[in-house]
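The structure under discussion appears below in the form of structure tokens.
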Number of protein chains: 2
Amino acid sequence: MARSTAEGKAATAPKASGEAANAAGTAAAKAAKARQRGVTMTDVAQRAGVSRTTVSFVLSNRADAGISEETKIRIAEAVQELGYRPNAGARALASQRSDWYGIVTEIVTAPFAVDIIKGAQDQAWLDRRFLLIAPSDQADAHGPNQGMEDAAIEKLLEQRVEGLLYAATYHRGVHVPESASEVPTVLINCFDADGKLPSIVPDERTGGRVAVERLLQAGHTRIGIINLDPDIPAAIGRLEGAREALAAAGLELDPELVVSGHATADGGYAAACTILDRYPEGEGQPTALFCLNDRMAMGAYDAIKERGLTIPGDIAVIGFDNQELIAAYLRPKLTTVALPFEEMGALGVRTLAALTAGQPIAADQQLVDCPLLERSSV
Amino acid sequence: MARSTAEGKAATAPKASGEAANAAGTAAAKAAKARQRGVTMTDVAQRAGVSRTTVSFVLSNRADAGISEETKIRIAEAVQELGYRPNAGARALASQRSDWYGIVTEIVTAPFAVDIIKGAQDQAWLDRRFLLIAPSDQADAHGPNQGMEDAAIEKLLEQRVEGLLYAATYHRGVHVPESASEVPTVLINCFDADGKLPSIVPDERTGGRVAVERLLQAGHTRIGIINLDPDIPAAIGRLEGAREALAAAGLELDPELVVSGHATADGGYAAACTILDRYPEGEGQPTALFCLNDRMAMGAYDAIKERGLTIPGDIAVIGFDNQELIAAYLRPKLTTVALPFEEMGALGVRTLAALTAGQPIAADQQLVDCPLLERSSV
DNA sequence: TGATTTAGGTTACGCGCGTTAGTCGGAGGT
DNA sequence: ACCTCCGACTAACGCGCGTAACCTAAATCA
């Protein structure tokens, strides 16, 4: 019989069989045991009176190689009693598949877009995969710490990740180190400036459109726009969307109502002052401001309040980015367009899963919607 | 000679030797090669004309077992040419040490204290260790997702992490799942409500003290305090520190000047209104507000400005937490006391390193200083 | 009744690497 | 001329596990 073989083995390995014999102790005892040398599959096999192979089959529940229900139960019990825990590293080594993805990002440094990680984590968790996060200090592609980024990717590859995610804090073009090409790679919130890596970015244009559409719908026709650095993808897309919305309403974008500023509260304050003071109230002064990010909206609030104007009574304000800490705590709470960080992270993992499975992906560059979040400033 | 042995081996393994023969190609070729089946130490050994053992010795630069300089160089060249990359999993399996720590935290969910992760990451990186981050959705110890937290720890243990970090978003007591006790565990920004796990928490008391000391130093003697929920550790500690500072100046804490509110901007606004309206200006009205968090300070700003008062001219304001997005963008910028998240994360890793090395740690509960950040509101 | 299938396993090999216990040829000592 | 010692390596084993190939007794079939 099978059992006799296993028991014979146990007899020739007194130490192991001794362990198994007294293993039905308390939880604490189990923990102590597990710590000192690690319960292995062999231990489980001996306790259940079967071969290690059988245990392996059961634990990775292979439907084929038929194992009797009774045996499965005995093995499950042994696993419980011994507190067995699979060794992920050994499994990866033997099976040549790690179930790990890696994400390299400076987001660890800049909490702003940490939701990308959250989205990716959650999706990976759902797919029963592990997401290894490697930090990268670099703020721009040619920064002084390029070495750190390379090292991060290298470390991830040493872990034999099956795919790589590369995420940026703000939407821009990046140069990905060459070593990343050794496994499937997907860019998040950025795009490949030289190669053809698939990427996932926010749909800035549509975001800009819905923002302005919302203001038009509220009856505003003179809309001031507080712009970012006009050269970055976010500004280009959002402004184009704004233009589209105006055009659809038969309006044109008045260049005098567009002011660029530093992407800070101070910058927003200054820009808002410029726009508001250019025309007297009621005579061309805009009745709404579209701020291309929430920090600038924060400054705009001050400028508006300083002039004795109310929000949204006199001036409606709409932001962009949905930086919770700002948007949800400004008074009144800021209506804004959200950057879909979580969704981008999740989509990144799904795209990676498709890639590693050899399936085709939807498109080289996938756009994710930026939804409008209604609060109280319009 | 040594070489003849190795070459003999190569001759009996035509596939491998063929690979080695054309391996000095372009970077792209190397990458392709590395991908399809992985360059192993054996490949390196063959190319360098030595045994695998020798390669292993050199790569883990063991000073003892003397290897000639010449051989080391030959091996280094082979590593370069083949694009060899060690397999972390296999190494961990063979050496029984993983060099991995795990951190389980709901911080992934709540970006507020993401700096803990950053600090831990950076320190781990310096120590040449890898930090595995596992998410946990639970907001409080008895939340509905306790199962997820257990699963997270389980997953980390399956990776054979050598130590565990457990971090909370806000300073509080927690109950750590039992399975965490299988490896050294350190709590960050929280403390063990029932056991005796070592923990690292902010020094709230000293933080409260320096805040009030700063206000006293600026000449304020009537200081309003906008309190949090009075029962949480943060409130207790900060208030005690405030009391200490006042006592040192021969003053007492006027209970009428302490108002608790909801820990939001609205709550801060309401509390500030209560305090400011309780006394007429100049006749007992406080000239400074110590807000126990920055969000409440944000609301206090509104209350102050609404009354036509200036900051810091009429009323000085000091916050707590240093939530960058708020503190650095309020106008005027908010002077506040910083929670040392990064430092706590780093100290957590260092403590874990000591623990896993069997060294004693400084104390069961380590306090980390909360530094005062001077901006423009005092 | 002997041949064949099938259920329920088992044996044996290898994944990539760390590590202990050698091996081997030559320099130095007597 | 013999022994010892040392420098520079190598052979061989095992880490925990997945998996292809094989085995055996009972059930089924011709």
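Just so we're on the same page: letters track the sequence lines, and every chain starts at 1. Only this structure's heavy atoms are used, side chains among them; waters, hydrogens and symmetry mates stay out.
Under the 4.0 Å criterion applied to side-chain N and carboxylate O atoms, D192(A) and K196(A) are not assigned as salt-bridge partners. A salt bridge between R85(B) and E154(A) is present, with a side-chain N of the basic residue lying under 4.0 Å from a carboxylate O of the acidic one.
Side chains of E77(A) and Q80(A) form no contact here, defined as non-hydrogen atoms less than 4.5 Å apart.
Applying the 4.0 Å criterion to OP1 and OP2 of dG18(D), one finds that S95(A) has every side-chain N and O outside that range. Side-chain nitrogen and oxygen atoms of T71(A) include at least one within less than 4.0 Å of the OP1 or OP2 phosphate oxygen of dG9(C). Contact between the side-chain N/O atoms of T40(A) and the OP1/OP2 oxygens of dG16(D) is not found at any separation under 4.0 Å. For T53(A), no side-chain nitrogen or oxygen approaches OP1 or OP2 of dT11(C) to under 4.0 Å. For dG18(C), one of the phosphate oxygens OP1 or OP2 lies less than 4.0 angstrom from a side-chain nitrogen or oxygen of R91(B). Neither OP1 nor OP2 of dC9(D) sits under 4.0 Å from any side-chain N or O of T54(B).
The aromatic rings of F130(A) and W125(A) sit tilted relative to each other, their planes meeting at an angle between 30° and 60°.
Shown here is R160(B), whose CZ atom has more than 12 heavy atoms of other residues, nucleotides or ligands within 6.0 Å.
In this structure, the CG atom of L59(A) is 8 Å from the P atom of dG18(D), given to the nearest Å. Between I75(B) atom CD1 and dA8(D) atom C1' there is a gap of 12 Å when expressed in whole angstrom units. Atom CZ of R160(B) is separated from atom P of dG16(D) by 8 Å (rounded to the nearest Å). Rounded to whole Å, the distance from CZ on R97(A) to P on dC15(C) is 17 Å. Rounded to an integer number of Å, the gap from CD1 of I73(A) to P of dG8(C) is 13 Å. Note: CG (L93(B)) to P (dC13(D)) measures 18 Å, nearest angstrom. Whole-Å rounding puts the E70(B) CD to dC9(D) C1' distance at 13 Å. If you measure from atom CD of E158(B) to atom P of dC17(D), you get 10 Å, rounded to the nearest angstrom.
Scanning atom types as modelled, one donor and one acceptor separated by under 3.5 angstrom connect the side chain of R52(A) and the base of dG18(D).
Of the listed nucleotides (dT11(C), dG18(D), dC17(C)), dG18(D) has the atom at the smallest distance from the side chain of M41(A).
Toward the 5' end of DNA chain D, the nearer of the two residues A94(A) and I67(B), judged by each one's closest nucleotide, is I67(B). In terms of position along DNA chain C, the nucleotide closest to A90(B) lies nearer the 5' end than the nucleotide closest to the other residue of the pair F57(B) and A90(B).
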